[in-house]
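Data block below; observations after.
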Amino acid sequence: MIPNTGSYRLANVRLHASLSPGLGAGFDRDGFALADITVTEGKIAAISAHRRAATPLDAVDLGGRIVLPCFVDCHTHIDKGHIWPRKPNPDGTFMGALNAAGADRAARWSAEDVARRMDFSLRCAYAHGTRALRTHLDSVAPQEEISWPVFEAMREAWRGRIELQGACLLGIEGVRDRKWFDRLAKRVAAAKGVLGVVTYMVPDLEELLDHVFAQAIKHGLDLDFHADETDDIAAISLKKIAEAALWNGFEGKILVGHCCSLARQPDLDVLDTLDKVAKAGLAVVSLPMCNLYLQDRRADQTTPRWRGVTLLHEMKARGIPVAVASDNTRDPFYAYGDLDMLEVYRMATRILHLDHPVSDWPQAVTATPAKVMRLDRFGTLASGGDADFILFKGRSWTELLSRPESDRIVVRAGRAIERQLPDYAELDELMVE
Ligand SMILES: [Zn+2]
């Protein structure tokens, strides 16, 4: 279907208004326009409105199928991925996940174990059409000495296929050991990583946040937080992060994940927090599949009553950049998942109502996370850009989001890639309990 020459013309494809700037007019009610794409030596040479009469004979007519840019997944944990068979979550709760993952890390996360599971995850993401991915890396001593060198080697090995970013991950109480944390910040800077912590409502939260910001400023690092992954309305660390960004005059990029408790708080508190988040220039990523799984999990086996996700619509309406991402895959924080961003977007559409109208929500898995990750030209389709895109069977949102589209075609640098998902059995020997 895609000529294996690197240079060709695809006629009659559907491109979305929010992802193809400069496409002009003629959008259908789903926001798609029919277009032709000229690919020359791995680049998009031109995108033009589709006119049947003007279609050259050698063009491949794709019958109105949707083409999206390759995905950008800005919040994952590929160092934890796929440990479920040897370390399941005993009860599906957040604490169950934290304890199980911590025990597995201490007992099993050698460099080889982490490397093999990371590579497995990246092969999944690549086959599904992801082009850039940020992973958090558990960085509680002594794991940082093991995982960061593995990450750096993995980033090199995958360069050109997946642009890989890493952010350190530790509970904010770990920042109290200033000497150790400053060394970690230096380590992260040396690896060109992102500084990340999990915030909790500890009494010295503001002081600890100030120190995190000071280290980020000192080393010129962007920041990435896990915040308020709970239904506890007293969890307001998203607001505390915004305040810290403002009073520290921080100029780097800040991404905050989860922010679940915000959806439970009184309206006036929510408005105050969103004002500060917008003013401080924070971006927010929601992890809808993980939130649905862990939040409102009830010990007595009764039915959950809320969806767990944060207020993405209200944020976007205020101009706050918002994304959705994979988070965990087959580990105690989420028993399922395969780093398939189409699945994430399909689930996000259902859980968060990213439809009627779809508007520019497709940016939440493409252009917006690309900007947060400082990746120019990722997440859009435009002339002069790389010919990195996904060709689906669906011709409308209802067709695209009703089937898994397992037979999608992923094109990288103009050529269709082998889309081989790794066999689970590859990891069996690592899973012996
Ligand atoms: Zn996470």
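For the single chain, residues carry numbers from 1 onward in sequence order. The shown structure was predicted, so the numbers you read here are calculated from the model rather than taken from an experiment. As the structure lists them, so they are numbered: ligands from 1, and atoms in each ligand from 1.
- Listed for the Arg134 side chain is no donor-acceptor partner under 3.5 Å among the backbone atoms of Met373.
- Phe213 and Phe250 have perpendicular rings, their planes meeting at more than 60° on a 0 to 90° scale where under 30° would count as parallel.
- Geometry note: the Zn ion (ligand 1) is the vertex, His75 NE2 and His226 NE2 are the arms, and the angle is 90° (rounded to 10 degrees).
- Using bins of under 30°, 30° to 60° and over 60° for the plane-to-plane angle, the ring pair His258/His75 lands in the perpendicular bin.
- Taking the N/O/S atoms of Asp327 in turn, the shortest distance to the Zn ion (ligand 1) belongs to OD1.
- For the Zn ion (ligand 1), the nearest N, O or S atom contributed by His77 is named NE2.
- Although no hydrogens or angles enter the test, the distance criterion places no donor-acceptor pair under 3.5 Å between the side chain of Trp397 and the main chain of Val358.
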